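These numbers were taken from a predicted model, which means no experiment stands behind them.
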Amino acid sequence: PDAAEAWSGAASVLKSMGHDEGSAALIDSAAVLARRALALDPGDMGAVNTLGSYEEAHGRPAAQRALVERAVRAHPSSAELRMLLAIVQY
């Protein structure tokens, strides 16, 4: 798909399945799909949430923060992204 929403939605489903089944492979695949979504739309909230939680779970808070900062630059008027940035900064 070319739409960020499609990749983001698929990433969210894989992430949920991965958590439900305890499957690291599904969670890793979710991160790959979230990255594809973000390549099309760096501010896609679903993809930011999926990849951000992945980075956090893997002990990479700086990567998580950089991801959200890019999203805010792409969509500076997004209150949701600005709130998420405030959360990951502290």
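No side-chain donor from either of Asp44 and His75 sits under 3.5 Å from a side-chain acceptor of the other.
Taking the charged nitrogens against the carboxylate oxygens, Arg35 and Glu55 do have a contact shorter than 4.0 Å, which makes a salt bridge.
The two residues Gly43 and Ala74 have their closest heavy-atom pair at N-CB, 4.1 Å. Ala47 approaches Ser8 most closely through the heavy-atom pair N-OG, 3.0 Å. Closest of all the heavy-atom pairs between Leu81 and Ala71 is CD1-O, 3.6 Å. Here the shortest heavy-atom pairing between Gly18 and Leu26 reads CA-CB, 3.7 Å. The minimum heavy-atom distance between Asp41 and Ala4, with the atom names listed, is CB-CB, 3.6 Å.
Annotation: the span from Met83 atom CE to Ile87 atom CD1 amounts to 6.0 Å, rounded to 0.5 Å. Rounding to the nearest 0.5 Å places CG of Leu38 at 6.0 Å from CG of Leu51. Distance check: Thr50 OG1 to Leu33 CG gives 9.5 Å after rounding to the nearest 0.5 Å. Separating the OG atom in Ser53 from the CD atom in Gln64 is a distance of 8.0 Å, to the nearest 0.5 Å. Rounded to the nearest 0.5 Å, atoms OG (Ser12) and CD (Glu5) are 12.5 Å apart. Residue Leu85 holds its CG atom at 10.5 Å from CG of Leu67, rounded to the nearest 0.5 Å.
His58 places a side-chain N or O within donor-acceptor distance of the main-chain N or O of Tyr54, the cut-off being under 3.5 Å.
Tracing side-chain contacts under 4.5 Å through hydrophobic residues (I, L, V, M, F, W, Y), one never reaches Ile27 starting from Val13; they form parts of separate clusters. With hydrophobic clusters built from ILVMFWY side chains whose heavy atoms lie under 4.5 angstrom apart, Leu14 shares a cluster with Leu40. Grouping the Ile, Leu, Val, Met, Phe, Trp and Tyr side chains by contacts below 4.5 angstrom, directly or via other members, places Trp7 apart from Met45.
Pairs of residues two or more places apart, or lying in two chains, never qualify as side-chain hydrogen bond (donor to acceptor under 3.5 Å, both in side chains) while including a residue from residues 78-90. The salt bridge (Lys or Arg N to Asp or Glu O under 4.0 Å) analysis of residues 13-27, with sequence neighbours excluded, yields no pairs.
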